[in-house]
Amino acid sequence: IERLPLIRNVYGSVKQITDFVFSGANVEYTRVVAVEYPRKGIWSLGLVTGESMLDIATAANEPVLSVLIPTSPAPFTGYTLTIKKSEAIDLDITIDQAVQFIVSCGVVIPPQQLQNLVDSTTISESAQIKGAFQDRREPDTD
């Protein structure tokens, strides 16, 4: 089969994929990161699968990571990205917590991250209340 001109080009790739799928091997995630995807200012959770291709690292002039950006509510589907290592923010959550966050469409937030959210919400609400009182104290100039 490997000597047939058209088949030999496809056979190696198809064989690698089928061997991986049918071997029962799982994709291993090493950690959870946040990346600005699909554009700057929008953050997505990503699951790091490992280092990426040498040619991309050479072009980027720094180490790069392979990252799966899972989709909600089915985290076993998503996008595979190669990003600069410096553009990934390591998150202090487990892979299980990341999957819960994704499956719940962002409703189930890990406890250690929820505290930060509560603090920033309290600060934001305090600033709004303070601003409302300052508006009431200013004399009417009309």
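Side chains are part of it too, since the values below use all heavy atoms of this structure and drop only hydrogens, waters and symmetry mates. FYI, the numbering just counts along the sequence from 1.
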Residues 35-45, side-chain donor-acceptor partners within the protein, below 3.5 Å, at least two apart:
unit_1, atom_1, unit_2, atom_2, d
E36, OE2, G41, N, 2.7
S44, OG, Y37, O, 2.6

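- Legend: residues meeting salt bridge (charged side-chain N to carboxylate O under 4.0 Å, His left out) with D55, ordered by chain and number and at least two apart, are absent.
- Every residue two or more places apart in sequence or in another chain was checked for a side-chain hydrogen bond (donor to acceptor under 3.5 Å, both in side chains) with S72, and none qualifies.
- Among pairs with a residue in residues 86-98, those fulfilling salt bridge (charged side-chain N to carboxylate O under 4.0 Å, His left out) read R31-D90, at least two apart in sequence or across chains.
- Transitive grouping of hydrophobic side chains (ILVMFWY, heavy atoms separated by less than 4.5 Å) brings I102 and I93 into a common cluster.
- The nearest pair of heavy atoms linking V32 to T94 is CG2-O, 3.8 Å.
- Interatomic distance, T30 OG1 to L47 CG, rounded to the nearest 0.5 Å: 9.0 Å.
- For T80, the side chain to side chain contact (heavy atoms under 4.5 Å, CB included) criterion is met by L68, not counting sequence neighbours.
- With hydrophobic clusters built from ILVMFWY side chains whose heavy atoms lie under 4.5 angstrom apart, L65 does not share a cluster with Y29.
- Partners of T77 by side chain to side chain contact (heavy atoms under 4.5 Å, CB included), not counting sequence neighbours, listed by chain and number: T71, A74.
- Hydrophobic cluster of F76: no remaining members, since no ILVMFWY side chain lies below 4.5 Å from it.
- Residues satisfying the side chain to side chain contact (heavy atoms under 4.5 Å, CB included) criterion with S86, sequence neighbours excluded, are E62, K84.
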Should Q112 and Q97 be marked as a side chain to side chain donor-acceptor pair (under 3.5 Å) after you check the CA-CA gap, both sets of side-chain angles, and the distance that decides it?
CA-CA 11 Å; Q112 69 273 25; Q97 289 171 327; 3.2 Å; yes
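- Summarising the hydrophobic clusters (Ile, Leu, Val, Met, Phe, Trp, Tyr; side-chain heavy atoms under 4.5 Å, direct or chained), the residues clustered with V64 are M53, I56.
- Note on V33: it does not cluster hydrophobically with L91, by side-chain heavy-atom contacts below 4.5 Å among ILVMFWY residues.
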